[in-house]
Amino acid sequence: MVKYVHMIEGLSLWVGRAFGWCILILTLSVSYEVFVRYALNAPTVWAFDMMVQMYGALFLMCGAYALAQDTHVRADVLYRLFPVRVQASLDFVLYFIFFFPGILALFWYGWEIAADSWRYKEVSWNSPARIQIYFFKTLIPVAGGLLLLQGSAEVVRCIMAIKSGRWLDRLDDVRETEDMLMHMSEVERP
């Protein structure tokens with residue numbers, strides 16, 4: 001079961017890192033647009049559409065990454081005070097009540113939206129560039145599928161925590177600066 005969890009987590013990390021490069025593309029394109037718009041008085045017709053698509057791709061495809069790294073939003077004012085078995089039991093129940101129904105809806109309706117978009121060869125109506133957007137709409141069900149996979153790994157992680165009383169270690173990736181500083185201060189204590 002540990003191999004399954006880490007395999008799915010590894011996929012989520014890889015996809016999140018790959019789509020994280022959207023930030024660089026987005027930064028460069030926004031910088032270019034600002035320069036040509038205000039310095040050269042020659043705005044582009046494609047920049048707005050590209051920015052929307054890059055942001056959309058980034059947020060859709062990094063959802064499973066955030067779940068795999070346990071960096072998703074959680075109201076943990078009380079949660080963090082509970083024992084691990086209670087946390088895992090609570091997570092287990094909430095995954096089935098809220099997470100899976102929402103993500104199944106994302107996948108199901110995203111599939112329909114993407115299929116319609118491909119059928120009509122949909123283009124953006126926001127700009128005169130008429131950029132094709134059916135490629136990007138395909139990311140909706142793909143993101144839903146990745147979230148379903150990562151959610152199943154999280155459920156397995158919960159079951160293991162309920163049985164053992166401790167959380168399975170996550171695959172290491174980037175960490176928040178404050179977490180790194182706290183870890184460093186714990187190591188330095190006598």
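Positions are given from 1, in the same order as the sequence printed here.
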Expected list for residues 84-91: side-chain donor-acceptor pairs under 3.5 angstrom, two or more places apart:
from, atom 1, to, atom 2, distance (Å)
Arg85, NE, Ile162, O, 2.8
Arg85, NH2, Lys163, O, 3.1
Gln87, OE1, Trp167, NE1, 3.0
Gln87, NE2, Tyr79, O, 3.0
Gln87, NE2, Phe82, O, 3.4
Ser89, OG, Arg85, O, 2.8
Asp91, OD1, Tyr79, OH, 3.3
Asp91, OD2, Tyr79, OH, 2.6

Leu146-Val155 co-clustered via ILVMFWY side chain contacts under 4.5 Å: yes
Donor-acceptor contact below 3.5 Å, side chain Arg157 vs main chain Leu168: yes
Please report the shortest heavy-atom distance between Trp118 and Phe135, naming the atom on each side. CH2-CE2, 3.5 Å
To the nearest 0.5 Å, what is the distance between OG1 (Thr27) and CE (Met51)? 10.5 Å
Under the salt bridge (charged side-chain N to carboxylate O under 4.0 Å, His left out) test, residues paired with Arg80 that sit two or more places apart: none
Closest non-hydrogen atom pair, Leu67 against Gly151: CD2-N, 4.1 Å
In Å and rounded to the nearest 0.5 Å, what is the CD to CD distance from Glu9 to Gln150? 6.0 Å
My understanding is that only residues two or more places apart in sequence, or in another chain, count here; which of them pass side-chain contact (heavy atoms from CB on, under 4.5 Å) with Leu24? Trp21, Leu28
Transitive ILVMFWY side-chain link Phe19 to Ile23, under 4.5 Å: no
Kindly compute the distance separating OG (Ser117) from CZ (Phe136), expressed to the nearest 0.5 Å. 11.5 Å
More than 12 heavy atoms of other residues, nucleotides or ligands under 6.0 Å from NZ of Lys121: yes or no? yes
Cut-off 3.5 Å, no hydrogens considered: what does the side-chain donor-acceptor table look like for residues 52-63, sequence neighbours left out?
none

Suppose the criterion is salt bridge (charged side-chain N to carboxylate O under 4.0 Å, His left out): which pairs have a residue in residues 21-40, not counting sequence neighbours? Glu33-Arg37
Could you list the donor-acceptor pairs under 3.5 angstrom formed by side chains in residues 100-114, with sequence neighbours left out?
from, atom 1, to, atom 2, distance (Å)
Trp108, NE1, Glu112, OE2, 3.1

Dump the intermediate steps for side chain to side chain contact (heavy atoms under 4.5 Å, CB included) on Leu13 and Gln69, then the final yes or no. CA-CA 8 Å; Leu13 292 179; Gln69 288 293 291; 3.2 Å; yes
Find the distance between NZ (Lys137) and CG (Asp116) and round it off to the nearest 0.5 Å. 8.5 Å
Rounded to the nearest 0.5 Å, how far does CZ of Phe48 lie from CD1 of Ile131? 10.5 Å
More than 12 heavy atoms from other groups under 6.0 Å of OH on Tyr4: yes
Heavy-atom closest pair (Met1 atom, Ile159 atom, distance to 0.1 Å) is CE-CG2, 4.5 Å
Do Val123 and Tyr120 share a hydrophobic cluster, counting only Ile, Leu, Val, Met, Phe, Trp and Tyr and linking them when any side-chain heavy atoms are less than 4.5 Å apart? no
Separation between OG (Ser12) and CG (Leu171), nearest 0.5 Å, reads 9.5 Å
Test of understanding: clusters of I, L, V, M, F, W, Y form through side-chain heavy atoms closer than 4.5 Å, transitively. Do Leu78 and Phe98 belong to the same one? yes
Before we go on, tell me: are the rings of Trp14 and Tyr65 under 6.0 Å apart, centre to centre? no
